[in-house]
Amino acid sequence: MTWDIGIIGLGTMGSMAMWQLAKQNVSIIGFEQYGIGHDRSAAGGESRLFRTAYKEGEQYVPLLKESKLLWRELEKETGNKLLSLSGGLTIGNPDDDIMKNVIKSAKHYDIEHEILDYNDAKKRYPQHLIDRNEIMVLDKEAGFLRPEYAVVSAVERAKELGATVNSYTPVTNVEQDGEKVIIQTREKEYKVNQVLIATGPWIRELIPEFSPIVEAKKIILSWFAPHNAEDFLPKMFPIFTRTSGEYKFYGGPTVENSMVKVGVSNSIPLGDAKNINRTVEPEEICENVMIIKKFFNGLYPDPVRVNAYMDAYTIDNHSLVGRIPNFPNAIVVGGFSGHGFKMAPAIGKIAKDILLNQKNNFDINALSPLRFQKK
Ligand SMILES: Cc1cc2nc3c(=O)[nH]c(=O)nc-3n(C[C@H](O)[C@H](O)[C@H](O)COP(=O)(O)OP(=O)(O)OC[C@H]3O[C@@H](n4cnc5c(N)ncnc54)[C@H](O)[C@@H]3O)c2cc1C
């Protein structure tokens, strides 16, 4: 049998693309090396920040607005609660580019927001110890997603709509074969008309040509016990990202009425994903402990849980979305550089549009892998 579309990697992006494609009149087969919703790569760790006033650049805002609608659509189709909009803070010095970008994108795209000066911020969110020269921007359209549940929801919905899923099935090779593509697993070979490669941190393994422009990085998340869990519920303690001098960190409220998650924004380069050591060594969490002591009120500074995850980072920290050079029937979605989860359903829809030659509403040229080709 020849399938219309093969999807390699059913993590964040592959699951969303599969859901979007399954609504169309095409046959789809997907491959995942682990179980659906596993937490060994980019979709683990209980929650993901959803922000619309975007410090990474205002060009992402239309994608994020579309994603918000699509997250709601997936919730409606599955009955699962995936996105909680309890607000989001960006904390920092108003003269920093990050703060300027956030305020600019909130104003430009009419995102409901509030700017809190030092005194207001201190009063309203006493869980954060802020400096006199810092402010907070409250994005009222922000919140958090449940990543593992989102992946499972999208894949299960796609299966209901007719997609075929092979979990615990690593793909060992993929190549163009005349007008078709051959996908090789340990046991079997599959033939498809087109393939979507969404292998996240493992992107270089199937497409070695990307090695100079993308690599896997390890990211550690830590969970801390609060003095009083009530102070860290979503309505009291919105998700946040903060840049204070040399420190960059982020986190969110307790999602299970107990532990509070904080991550430090410095990822550890691995080259290939296979190089990861999932054990978190004590020296890798020193900075997190110091950050809790220095910047928070009401959290015990020793983490009660630490875990290591991975994402693929490109050299310009923007993703790879589009056709793969010299591989006519293949497209890639990858290299989301630590900030892709929130936009996953819109990326899944764009992948569907490219594969089925449908019109899409976003200018994604800036994300094309071709941008790295020598002129
Ligand atoms: C700790 C952490 C915190 C983050 N926080 C945020 C946040 O708050 N907000 C936000 O928007 N983004 C955040 N991100 C980024 C976001 O989670 C990622 O950008 C996004 O999940 C990447 O999705 P992906 O599909 O590329 O990779 P993945 O979700 O890892 O999916 C790739 C899948 O491919 C599978 N695979 C790989 N190779 C093969 C193969 N050969 N055969 C079969 N299957 C294969 C893998 O097992 C995996 O399931 C965070 C990332 C991390 C790691």
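FYI, the numbering just counts along the sequence from 1. Atoms within a ligand are numbered from 1 in the order they appear, just like the ligands themselves.
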Quick one: look up the protein heavy atom nearest [atom] and list residue, atom name and how far away it is.
| atom | answer |
| --- | --- |
| atom 44 (N) of ligand 1 | Q33 N, 3.0 Å |
| atom 47 (O) of ligand 1 | E32 OE2, 2.6 Å |
| atom 26 (O) of ligand 1 | G200 CA, 3.4 Å |
| atom 12 (N) of ligand 1 | F341 N, 3.2 Å |
| atom 25 (O) of ligand 1 | M13 N, 2.9 Å |
| atom 9 (N) of ligand 1 | L49 O, 3.0 Å |
| atom 50 (C) of ligand 1 | R48 NE, 3.4 Å |
| atom 18 (C) of ligand 1 | D311 OD2, 3.1 Å |

Could you list the atoms of ligand 1 found under 4.0 angstrom from a heavy atom of [X]?
| X | result |
| --- | --- |
| M310 | 53 (C) |
| H38 | 46 (C), 47 (O), 48 (C), 49 (O) |
| S41 | 28 (P), 30 (O), 48 (C) |
| I219 | 1 (C), 52 (C), 53 (C) |
| P201 | 30 (O) |
| F336 | 19 (O), 26 (O) |
| Y309 | 1 (C), 53 (C) |
| K342 | 9 (N), 10 (C), 11 (O) |

Inset, instruction - Answer whether the closest heavy-atom distance between the side chains of V195 and I183 falls below 4.5 Å. - result: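 A side-chain contact under 4.5 Å exists here.
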Legend entry - I111 side chain near K65 side chain, heavy-atom distance below 4.5 Å: yes
Inset, instruction - Specify side chain, backbone, both or neither for T172, according to which of its non-hydrogen atoms lie closer than 4.0 Å to ligand 1. - result: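 Contact part for T172 vs ligand 1: neither.
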Legend entry - Residue part near ligand 1, for A198, under 4.0 Å between non-hydrogen atoms: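 The backbone, only.
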Legend entry - Any N or O of G340 closer than 3.5 Å to N or O of ligand 1: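 Yes, at least one N or O pair falls under 3.5 Å.
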Legend entry - A42 N/O under 3.5 Å from ligand 1 N/O: yes
Pair [X] + [Y]: ring centers closer than 6.0 Å:
| X | Y | answer |
| --- | --- | --- |
| F336 | H318 | no |
| Y313 | H339 | no |
| F341 | W71 | yes |
| Y125 | F240 | no |

Inset, instruction - State the CD-CD1 distance between E284 and I268, to the nearest 0.5 angstrom. - result: 4.5 Å
Inset, instruction - Under the ring-ring contact (aromatic ring centres under 6.0 Å, His included) rule, what do Y300 and H227 come out as? Steps first, then yes or no, please. - result: CA-CA 7 Å; Y300 295 104; H227 299 181; 4.3 Å; yes
Any idea which of [options] brings a heavy atom closest to [atom]?
| atom | options | value |
| --- | --- | --- |
| atom 41 (N) of ligand 1 | V171, T241, I347 | V171 |
| atom 15 (C) of ligand 1 | G335, G9, G338 | G338 |
| atom 33 (C) of ligand 1 | G11, S167, S15 | G11 |

Inset, instruction - Determine, for Y247 and R242, whether the Lys NZ or Arg CZ falls below 6.0 Å from the six-membered ring centre while staying within 45 degrees of the axis. - result: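 No, R242 does not sit over the ring of Y247.
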Lys/Arg-Asp/Glu bridge criterion (N-O < 4.0 Å) met for [X], [Y]:
| X | Y | value |
| --- | --- | --- |
| E256 | R146 | yes |
| R305 | E46 | yes |
| E114 | R124 | yes |

Inset, instruction - Could you check F295 against F249 for ring-ring contact (aromatic ring centres under 6.0 Å, His included), going step by step and ending with a plain yes or no? - result: CA-CA 10 Å; F295 296 107; F249 50 99; 5.1 Å; yes
Inset, instruction - Would you indicate whether K100, at its atom NZ, is surrounded by more than 12 heavy atoms from other residues, nucleotides or ligands within a distance under 6.0 Å? - result: yes
